Structure formats: C-alpha cells, structure tokens
Amino acid sequence: MLDIQFIRDNAAIVQEKSKQKGYDIDIQQLLGFDKERRELLQQVEALRRQRNELTAQTKGSKPSEDQITKGKNLRDQVTDLEHKLAAIEKEYEILLKTVPNMPLGDVPIGASEDDNQEVKKVGEPTKFDFKPKSHAEIAEAKGWIDKERAAKVAGSRFAYLKGDLVKLQFAIIQFVIDKLTDSSFLDAIIKENNLQVASTAFTPVLPPYVIRTEVYDAMDRLEPREDRYKLDQDDLWLQGSAEHVLGSMHTKEGIPSEQLPVRYLGYATSFRREAGSYGKDTEGIFRMHQFDKLEMESITDAKTGLEEHKFLIAIQEKLMQDLGIPYRLLEKCTADIGKPNARGVDIDAWLPSQNTYRETHTADYMTDYQARRLSLTAGGKGQLAHTNDATAFALGRTMIAIIENYQTPEGNVRVPDVLQPYMGGKTDI
RNA sequence: GGAAGGGUGUCCGAGUGGUCGAAGGAAACGGUCUUGAAAACCGUCGUGCCGGCAACGGUACCGUGGGUUCGAAUCCCACCCCUUCCGCCA
C-alpha cells in the first residue's frame, strides 16, 4: 500500500494516477477517514493517559472506592471511544488498501492492454516453407500431451505431460539454474547493458506452494480471489505464481545492506482458476489451471530498485535469445501494469500457428508498495525495501514457443542448441 | 492425530496482577586507562503511531486476536508457531 503521508501531501496526483490505472478511488473520502481517525486517536490517547495516571497513583496500595469508581468510569469511556476508533480505522484501512501504486513517469498512459507500447522486436518471425502446425497438433501426435485423460481425473485445463516434453522441461529448468547461479553470466549481461547492479548470483529456491490469507493479501496478489484456489480446511491458498511465496519470504524482516540485493530463482507449480476466461485459448496447454514456472524475485534498497528491474528484463531477453525464440518487448500501460506495480513490461513470444506474439513473460517493479505491508526493510531502519519480480520462463508457454518455432516438416521438433547438452545430446525430438 | 514444554528487546535470559518498556548478561557504539591492543571501568543502546518547526510530549507494543480487572508480560478463551516424545506417513 501507499504511505498515507504521501497521499495527504499529493492528493490530486494520487487521484489522477489511480484513475490512469483504472482505479477510481475517492481520495477525499479516504482523507476524511484519516482526519477523523486521528482526531479520535488523540481523544483515546488523552483518556488512556488519565487512566495511566490513576493507575500510577494507586500502585502499591489498595485503591480507594473513589479511585475505583473513577477508574470504571474511565474504562467505559475508553472502551466506547476505542470501538468508535476501531470502526473508523477499519473503513480507513479498506479504502487505503484500494489505492494502487503510483506508475513511474515513463509508464505509458492507457485504458487497456491495447495501449501497451511495443519497445522492440527481436528476431524475425520464423519462416517455414510448409504450413506450420500448432503446438497442440504436434504434441498430441507425439503423445506429449493428454488432456482427455486429465479431464477425467482433474477436469478441464489440466493435462498430463509425457515423454520428451517432460525431458525438455527439465532441460530448460537445468539450463536456467546453471545460468542464473553463475555470476559471470550475470556480469556479462550487466556490462552489455551498462547496468549499475551487483552480479550477485541467484539462489535457487523450491518454495511452499501454499500461502496464508494474511500474507497473500499483504503481497496484494490475493485479488481477484475468484482466480485463486482456496484450501477448504485451512486458512491457505494455492499460490498463483512463485513470486507470491518468494516475495513474502522475508516478511517482517530487515535485510542489512551487505546482504543486498537478495536474488531468488524460484521453481514452482502455479495454480490459477482462470475465472472469466472460459472458451479462451482452449487448444493445447497455453492456458492451464496448473503450470510450472521459473520466477526471479529480488529485494533491493530504494536506490537500486529501478536498475534491478531493468536488469531482470535484460536477463529475460538474454534467455529468450539463447533459446532462439523471436519475441517482442512491451512496456505495459497504466491500465495493464497491475495494482501494486509502478512499472511493468511483458515479453511476448512469436507463435507461428497464431501468426502473432503471445505473452510468455512479465516483469514487475513494485517500488516499496509491497514492502510497506510486508514490513520488509532493506539497508537500514525504516527504509522500506523495493521488490521486483520477473518470469524467467513459464515452462508451458516456453515449450509451446519452442515446439512451434523449431518444428520440422516431418512434425518433429529440433532442440535449441543450448538445451541439447541437457537432453543427452539429442538434436531432435 | 495424542502427550508435555515453550514463544519476552539485536541475541541469551529474568519476570506469575500495580513500584515493568520491562532485571541481569552478551553484542554494538562512545569514552577513560594503555606506546598499541586486550582486560577493567564509565556512559549510550527497541519499534510503530499521534501531536510538535524542533527539543520533546503522549500512546501502543512481551507470538496473534478476544476477554476478566480500577489496573495485565503476568489470569481466562481461541488461534498460530517452535521443541521433545508417541502414532501415522513420502
């Protein structure tokens, strides 16, 4: 969430920028609650002071009848005002939490994802001298995907992945882990892009797949909750991205400057109900309730947060280039970056069967918006951390891109060069 | 799942109704002493919120949330977490 002091000092800006993100918040109403809350708080504290003074008078000896009467009277007044204060604070907090993070100055203003701005295209759309098939056609023919049986067991939008596709997934995982834990690989990216960040290697992490309501909410990733899976018997949700359980890992901690930046490469199976996307992307494994993902997460101080964001994007690009998949980079507009984001980009991979680019990556920079509610500081007392997350590879969609861009007329798939060592030297599957 | 014990400041740890924001120790920081260092000694040493230009004042916080009481770290209830033992289990 935002700092209330910032909202008090910049009410008009907050109002305007919230609107640009598609959140029409009544800032004046929020400030009204804030004022009322502070007035009540002062009254409550004055009464508590009286009560404390009375207690100090009576300590050591039995209080007189008179003092007890006075105390009871004070207690009732305090309790009454505390209830009023609690009610106001609840309204205040609900409203405060609805205020989105402020977009950075370079974020394009827009009303929908159509207003996202293309920054560049890398690689030419793959050319074929035959009609390219969709990943679903190839994979089903190869026996790599079985959705019909998955439907019997788990319902729609689930799949069994089998055979060489599974090997390919693990090859990608191993490839990325090798690269991101190698600080010389990172250092080369830093130099090439002239970035001012440390070459600290990523720590690979296998996180828990479930997350408490309170923590999920503090990350501001619980909503929309109809897209989340809730565990019936516990106060737990299945995470929708490794980022949800990685970013929250250091909640209520202070990270000393010598340990910054904290960089994690998380691998997790993520779960999404895909509410509201019925009938969309039903072919193959493009949009699933369950998918595996390699996710980068980093915690920095305020000074280096933006540079870290650019670094994570540079890594995403480098990994895509290493796999040889044509892609485009989009700067997401105010309406599309997401509530906790100050800035965000998408990478879309070229999919020959759809003759277009489709989203495979996102990179999110949250400034201190998440850290404020997580009580996460970095580099000193009261200095809120800046958080960044970015997809390394969403494995399902990455394999779709590989299958479609590397397909042969015979319906085979060439293995990208960098992955061959992880596939036992196989060049085709 | 059953039984027992426990969660207190940066850390260890005392505290079972008022004199407790909290003993004592360690660490850290400043100083005295010393050629220098160690030791010893002296001092400083939690955070949030509200008010204030500030100095400062107030308030809250002893796992979390309720409750009892004139008054709660301390008593009661619920929950969370940790440890040990038993059971079950990959």
Side-chain angles (χ1 to χ4, degrees), chain A residues 1-9 30-97 99 206-219 222 230-237 239 245 248-260 262 267-269 301-302 368-385:
Chain A
M1 70 186 173
L2 283 186
D3 181 10
I4 185 63
Q5 190 61 50
F6 177 83
I7 300 174
R8 284 178 205 141
D9 296 342
L30 172 62
L31 291 179
F33 281 134
D34 178 44
K35 186 157 179 276
E36 204 174 338
R37 170 188 143 253
R38 284 189 289 167
E39 283 165 2
L40 269 171
L41 183 62
Q42 283 172 43
Q43 291 174 35
V44 167
E45 293 196 345
L47 281 172
R48 283 176 180 158
R49 178 185 193 167
Q50 286 183 43
R51 187 182 61 184
N52 286 344
E53 282 166 356
L54 182 66
T55 305
Q57 281 169 29
T58 57
K59 69 190 169 193
S61 55
K62 286 267 181 247
S64 67
E65 281 303 312
D66 194 45
Q67 285 169 323
I68 289 178
T69 311
K70 205 173 159 193
K72 281 188 178 178
N73 191 18
L74 275 173
R75 179 195 58 192
D76 292 344
Q77 288 183 60
V78 169
T79 307
D80 181 50
L81 270 183
E82 278 176 342
H83 285 315
K84 283 186 183 138
L85 178 62
I88 291 290
E89 275 186 332
K90 199 175 166 189
E91 298 291 328
Y92 161 78
E93 271 166 28
I94 288 170
L95 207 51
L96 178 58
K97 286 200 287 186
V99 182
L206 293 175
Y209 288 7
V210 293
I211 180 168
R212 293 173 190 280
T213 303
E214 188 194 344
V215 181
Y216 217 162
D217 191 41
M219 285 291 287
L222 180 55
K230 174 75 173 65
L231 271 61
D232 204 25
Q233 297 183 61
D234 301 279
D235 180 32
L236 292 171
W237 304 74
Q239 47 85 10
V245 278
S248 50
M249 191 170 163
H250 291 283
T251 181
K252 297 188 176 88
E253 289 183 32
I255 298 169
S257 9
E258 61 271 18
Q259 286 173 29
L260 298 172
V262 173
Y267 172 76
T269 302
D301 58 21
D368 61 8
Y369 190 88
Q370 285 180 323
R372 182 164 292 107
R373 276 177 72 200
L374 290 170
S375 300
L376 170 60
T377 64
K381 271 174 206 148
Q383 298 190 40
L384 290 172

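Residue numbers begin at 1 in each chain, while the letters A, B, ... track the order of the sequences. Note that this is a predicted model, so its numbers are computed, not measured.
Phosphate contact (OP1/OP2 of B:C70, side-chain N/O of A:K72, threshold under 4.0 Å): present. Between A:N73 and the phosphate of B:C70, there is no side-chain N or O to OP1/OP2 separation shorter than 4.0 Å. Taking 4.0 angstrom as the limit, A:R49 places none of its side-chain polar atoms (N or O) nearer than this to OP1 or OP2 of B:U59.
Between the P atoms of B:C81 and B:G31, the separation comes to 47 Å (whole Å). Comparing B:G71 with B:G67, their P atoms sit 13 Å apart, to the nearest whole Å. Separation of the C1' atoms belonging to B:U64 and B:A55 is 37 Å when rounded to the nearest angstrom. Comparing the P positions of B:C11 and B:G1 gives an interatomic distance of 30 Å, to the nearest angstrom. Spacing between B:U44 and B:A23 at atom P, rounded to whole Å, works out to 13 Å. Taking the P atom of each, B:C88 and B:G15 are spaced 39 Å apart, rounded to whole Å. The separation of B:U10 from B:U47, taken at their P atoms, amounts to 8 Å, rounded to a whole angstrom. Atom P of B:U34 sits at a distance of 23 Å from the matching atom of B:C29, rounded to the whole Å.
Heavy atoms of A:R8 sit under 4.0 angstrom from primed sugar atoms or phosphate atoms, though from no base atom. Within the 4.0 angstrom heavy-atom criterion, only backbone atoms of the sugar-phosphate kind lie near A:Q42; the bases stay farther away.
If you measure from atom CD of A:E82 to atom P of B:C61, you get 10 Å, rounded to the nearest angstrom. In this structure, the CG atom of A:L236 is 9 Å from the P atom of B:C81, given to the nearest Å. Rounded to whole Å, atom C1' of B:C80 lies 11 Å from atom NZ of A:K252. Between the CD atom of A:Q5 and the C1' atom of B:C50 there is a distance of 12 Å, given to the nearest Å. As rounded to whole Å, 11 Å separates atom C1' of B:A60 from atom CD of A:E89. Separating the CG atom of A:L85 from the P atom of B:C50 is a distance of 12 Å, rounded to the nearest angstrom. Atom CG in A:L54 sits about 11 Å away from atom C1' in B:G18, given to the nearest Å. Distance CG (A:D235) to C1' (B:G65): 13 Å, rounded to an integer number of Å.
In this structure, B:A39 forms no base pair with any nucleotide, since neither Watson-Crick nor G-U wobble geometry is met with both distances under 3.5 Å. B:C75 is paired with B:G67 under the Watson-Crick or G-U wobble criterion, all donor-acceptor distances under 3.5 Å. Base pairing of B:C49: its partner is B:G58, meeting the Watson-Crick or G-U wobble criterion (both donor-acceptor distances under 3.5 Å). Pairing for B:G87 is absent, judged as Watson-Crick or G-U wobble with the two contacts each under 3.5 Å. Base pairing of B:G17 is not made with any nucleotide, judged by Watson-Crick or G-U wobble geometry with both donor-acceptor distances under 3.5 Å. Nucleotide B:A26 forms a Watson-Crick or G-U wobble pair with B:U10, both donor-acceptor distances falling under 3.5 Å. The partner of B:G5 is B:C82, judged by Watson-Crick or G-U wobble contacts that both fall below 3.5 Å. Here B:U34 sits opposite no nucleotide as a Watson-Crick or G-U wobble pair (both hydrogen-bonding atom distances under 3.5 Å).
Distance from the side chain of A:R48 is smallest to B:U59 among B:U59, B:C50, B:G18. Counting only heavy atoms from C-beta on, A:N52 has its side chain closest to B:A60 among B:A60, B:G58, B:C50. When the nucleotides B:G51, B:U59, B:C81 are ranked by their closest atom to the side chain of A:R212, B:C81 comes out on top. Proximity note for A:R37 (side chain, C-beta onward) versus B:A60, B:C50, B:C70: the nearest is B:C50. Closest contact between the side chain of A:R38 and the listed nucleotides B:G71, B:C50, B:G58 involves B:C50.
Put simply, the side chain of A:E45 and the base of B:G58 share a donor and an acceptor less than 3.5 Å apart.
Under the 4.5 Å side-chain criterion, counting only non-hydrogen atoms from C-beta, A:R37 is in contact with A:L85. Counting heavy atoms from C-beta on, the side chains of A:R373 and A:K97 come closer than 4.5 Å.
Across all non-hydrogen atoms, the minimal contact from A:D3 to A:R372 is N-NH1, 3.3 Å.
Using a 4.0 Å cut-off between charged nitrogen and carboxylate oxygen, A:R48 and A:E82 count as a salt-bridge pair. Taking the charged nitrogens against the carboxylate oxygens, A:D66 and A:K70 have no contact shorter than 4.0 Å, which rules out a salt bridge. Under a 4.0 Å N-O distance rule, the pair A:R49/A:E53 qualifies as a salt bridge.
For NZ of A:K230, the number of neighbouring non-hydrogen atoms (other residues, nucleotides, ligands) closer than 6.0 Å is greater than 12.
A distance-only check finds no donor-acceptor pair linking the side chain of A:Q67 to the backbone of A:T55 [under 3.5 Å].
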